[in-house]
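Just so you know, ligand 1 is whichever comes first in the structure, and atom 1 is the first atom listed for that ligand. Only a predicted model underlies this, so the values are computations on that prediction, with no experimental measurement involved. We're numbering straight along the sequence, starting at 1.
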Amino acid sequence: MRTPIIGGNWKMNKTLKEAVNTARELKEKLGNIRGVEVVIFPPFTALKSVKEVIEGTNIGLGAQNMYWEKGGAYTGEISPFMLLDVGCKYVILGHSERRQYFGETDQGINKKLKAALSLGITPVVCVGEKIEERKGGKARQIVDRQIRGCFKEITPEEAKRIVVAYEPIWAIGTGETATPEQAEEMHLFIRNILKELFGKEVSNSLQIQYGGSVKPNNIKELMEKEDIDGALVGGASLKANSFAEIIKKI
Ligand code: PEP
């Protein structure tokens, strides 16, 4: 059985004070929740302070991105060591906004993935197609390429420690969620690629999250599907109320 995993991606939102307040509220609402892995991904500037709030709870801390080098002359970048230093256990890699606005490629994501794994940080690797790709019947082809590119030269042992997030770009921040059937179809497709790459045991144990306009009113039907193991939540994770509501419906 795979433990469900729910992530809250705060993106480029929240001042330090706002982030700390949201984390406090969430902690209050969730108490010592069990049976679900909860992770929040505040902006870099709030990581340390949010960590102090959630210390001792079951809420995990993650970053929204990182660079693959361990340190050095890379102005403006954040290294995996720096993330470990402030208590991050997770990192989102290859979010579609990073691919779209900052030119991230599967090749670069693969380097980041290896760097995260080498230091024991759990990567949440995002894949997903654009609306025109889906309409053109290319969704599977795109996701297949992304998975194979991101997972290049990863061993089965390493793959076990990765979380995949299937996030169709047309569903992110649009209010248009994939139907549970559309999501399940792609999750199963992804699991089959992972099976081919890493074997049945690993592919069966890997958590695959769905992301794209997940709200308290649609999480349940998505979670009923066999291969949907949780959600990566953007907009609805910004308020502790709605995020906690989603988590409690799992
Ligand atoms: C996301 O940013 O990963 C996301 C899924 O956003 P939203 O829930 O707002 O669609």
Side-chain angles (χ1 to χ4, degrees), residues 4-14 18-19 22 26 36-44 46-47 50 59-66 88 90-102 104 106 109 112-113 116 122-131 133-134 139 142-143 146-147 150 162-180 182-184 186-187 190 207-223 225 227-250:
I5 175 167
I6 303 286
N9 175 13
W10 294 355
K11 309 194 185 190
M12 197 175 72
N13 293 294
K14 297 191 187 290
E18 288 165 347
T22 308
L26 192 64
V36 53
E37 204 175 327
V38 179
V39 190
I40 47 179
F41 298 88
F44 290 127
L47 286 172
V50 166
I59 306 170
L61 185 74
Q64 299 170 20
N65 182 32
M66 60 168 228
C88 285
Y90 302 79
V91 65
I92 297 176
L93 297 178
H95 190 280
S96 66
E97 286 148 17
R98 302 279 332 155
R99 292 176 186 261
Q100 192 178 349
Y101 305 132
F102 303 99
E104 292 211 11
D106 294 330
I109 296 160
K112 293 181 177 189
L113 183 60
T122 300
V124 177
V125 178
C126 302
V127 296
E129 80 284 358
K130 298 182 185 138
I131 189 63
E133 292 163 344
R134 175 159 282 260
I142 296 297
V143 170
Q146 291 172 335
I147 293 280
C150 293
I162 300 172
V163 176
V164 176
Y166 168 59
E167 300 207 298
I169 297 172
W170 46 274
I172 297 181
T174 59
E176 191 188 339
T177 325
T179 64
Q182 281 173 322
E184 170 63 15
M186 196 57 97
H187 280 230
I190 292 170
Q207 294 157 308
I208 308 179
Q209 298 179 295
Y210 166 78
S213 299
V214 170
K215 310 275 181 241
N217 65 5
N218 58 25
I219 183 68
K220 221 171 164 30
E221 54 183 22
L222 286 160
M223 288 303 295
K225 295 293 181 191
D227 291 284
I228 301 182
D229 307 315
L232 186 54
V233 186
S237 73
L238 292 174
K239 293 223 159 44
N241 252 342
S242 50
F243 192 48
E245 216 184 311
I246 289 173
I247 295 162
K248 285 178 179 173
K249 285 197 169 160
I250 300 281

Decide yes or no for Tyr166 and Glu129: does some side-chain heavy atom of the first lie under 4.5 Å from some side-chain heavy atom of the second?
yes
Can you tell me which residue among Ile247, Ile250, Ile228 is in a side-chain contact (heavy atoms from CB on, under 4.5 Å) with Pro4?
Ile250
Rounded to the nearest 0.5 Å, how far does CD1 of Ile5 lie from CG of Asp229?
9.5 Å
So does Ile109 get a backbone contact from the side chain of Glu104, meaning a donor-acceptor N/O pair under 3.5 Å?
no
Amino acids contacting ligand 1, non-hydrogen cut-off under 4.0 Å
Asn9, Lys11, His95, Glu167, Ala171, Ile172, Gly173, Gly211, Gly212, Ser213, Leu232, Val233, Gly234, Gly235
Does anything in residues 230-248 form a salt bridge (Lys or Arg N to Asp or Glu O under 4.0 Å)? List the pairs, not counting sequence neighbours.
Glu245-Lys249
Take atom NZ in Lys11; do more than 12 heavy atoms of anything else shown fall under 6.0 Å from it?
yes
